[in-house]
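Down below is the structure, laid out as structure tokens.
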Amino acid sequence: RGGKEDSRGALVVLEGLDRCGKTTQSIRLVANLEKLGHSAELWRFPDRTTSVGQMISSYLSNKSQLDDHTIHLLFSANRWEKRSLMESKLKSGITLVVDRYSYSGVAFSSAKGLDIEWCKAPEIGLLAPDLVVCLDIPPEKAAERGGYGGERYEQLEFQKKVGQNYQVLRGPTWKIIDACLPMEDVEEQLQEMVLDCVKTCQEGKPLSCLWS
Ligand code: TMP
């Protein structure tokens, strides 16, 4: 229990609606962790660099059309193709800050009307995050922020449904930060939560799998 040999990095996931500030905050968080002497990497899903990721990217920019179930499974496959690397990085002591994960997968696809349990099924067995931080923002506020970039899901009515689905998914590893606070305040709250989590993983908290 808590032996040094069980020490590992933390799997930290940031979730939230489009334009909630996740990407900015995840970049800052990794920089701050490194400044404090922790090894940390920034990951994001979809990972558009793989061949599956390129199919997703083309779909998101409306360059291709796919059935709703098919694109859901591609998002999931994109996480599965990274699972073993994720596990080895964590075991080598690197903390991973992940910009979107399975919760985006389920919240976005079920906002199209797909059954939520069906959406969760292909995510079962992926690594479970140690901490999920949701940057909470009213959909109307998010829409005002510099406008949406024109990708497929960046529409107010759709984002409202996604927000409702996030609420359904909230579990015991979830923490909420008010994304309307000044950026520095969000950054500070986030760092405090994550440092706590990094500590418990260093002390040997075992890795677990979704969906739990
Ligand atoms: P991004 O803007 O963070 O790169 O995400 C692209 C879009 O893809 C965003 O609207 C959320 C959506 N998405 C899904 O629909 N399913 C998923 O599994 C993930 C990771 C993202």
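- Counting heavy atoms from C-beta on, the side chains of K112 and I71 come closer than 4.5 Å.
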Discussion item. Apply salt bridge (charged side-chain N to carboxylate O under 4.0 Å, His left out) to residues K160 and E157 and explain how you reach the verdict.
Written reply: CA-CA 5 Å; K160 282 185 186 166; E157 286 313 308; 3.3 Å; yes
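- Looking only at side-chain heavy atoms (C-beta outward), Q25 and C20 stay at 4.5 Å or farther from each other.
- Under the side chain to side chain contact (heavy atoms under 4.5 Å, CB included) rule, E187 has a single partner from T24, N32, L29, which is N32.
- There is a side-chain donor-acceptor pair under 3.5 Å between E81 and T50.
- Y153 and F158 have parallel rings, their planes meeting at less than 30° on a 0 to 90° scale where 60° marks the start of perpendicular.
- The two residues N62 and G150 come nearest to each other via the heavy atoms ND2-O, 4.1 Å.
- In this structure, Y166 has its ring center at least 6.0 angstrom away from the ring center of Y103.
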Worksheet item: Stepwise, does the side chain to side chain donor-acceptor pair (under 3.5 Å) test hold for E123 with S76?
Response: CA-CA 6 Å; E123 306 293 319; S76 186; 3.1 Å; yes
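- Residue I176 is not grouped with residue M183 when hydrophobic side chains (ILVMFWY) are merged at heavy-atom distances under 4.5 angstrom, including chains of intermediate members.
- The pair K175-D136 does not count as a salt bridge, with every side-chain nitrogen at least 4.0 angstrom from each carboxylate oxygen.
- Remark: the backbone N or O of I116 is not paired with any side-chain donor or acceptor of S110 at under 3.5 angstrom.
- Taking the six-membered ring where the residue is Trp, the centroids of W80 and F75 are separated by 6.0 Å or more.
- Using a 4.5 Å cut-off between side-chain heavy atoms of Ile, Leu, Val, Met, Phe, Trp and Tyr, with links allowed through other members, M193 and I137 fall into different hydrophobic clusters.
- Look at D130 and R8 and you find a salt bridge, because one of the NZ, NE, NH1 or NH2 atoms lies within 4.0 Å of a carboxylate O, short of that distance.
- When all heavy atoms of N165 and A107 are compared, the closest pair comes out as ND2-O, 2.9 Å.
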Discussion item. For D18 and R100: C-alpha separation, side-chain torsions, deciding distance, then whether salt bridge (charged side-chain N to carboxylate O under 4.0 Å, His left out) applies.
Written reply: CA-CA 10 Å; D18 288 297; R100 294 193 187 281; 2.9 Å; yes
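- Partner L17 forms a side chain to side chain contact (heavy atoms under 4.5 Å, CB included) with one of S104, P138, C134, P139 and no other, that one being P139.
- Using modelled atom types, one side-chain atom of S88 and one backbone atom of L85 make a donor-acceptor pair closer than 3.5 Å.
- With hydrophobic clusters built from ILVMFWY side chains whose heavy atoms lie under 4.5 angstrom apart, M86 shares a cluster with V132.
- Aromatic ring centres of Y101 and W43: separated by at least 6.0 Å.
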Item to complete: Please step through side chain to side chain contact (heavy atoms under 4.5 Å, CB included) for the pair W118 and H69, ending with a clear verdict.
Response: CA-CA 9 Å; W118 187 90; H69 301 81; 3.7 Å; yes
Discussion item. Could you walk me through whether K89 and E41 satisfy the salt bridge (charged side-chain N to carboxylate O under 4.0 Å, His left out) test, starting with their C-alpha distance in whole Å, then the side-chain angles of each, then the deciding distance to 0.1 Å, before giving a yes or no?
Written reply: CA-CA 9 Å; K89 295 259 180 188; E41 279 183 20; 2.9 Å; yes
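- Distance alone, capped at 3.5 Å, is enough to place a donor-acceptor pair between the S26 side chain and the K22 backbone.
- If you chain together hydrophobic residues whose side chains sit under 4.5 Å apart, V97 and L11 never meet in one group.
- Residues L169 and L210 fall within the same hydrophobic cluster, defined by Ile, Leu, Val, Met, Phe, Trp and Tyr side chains chained together at heavy-atom separations under 4.5 Å.
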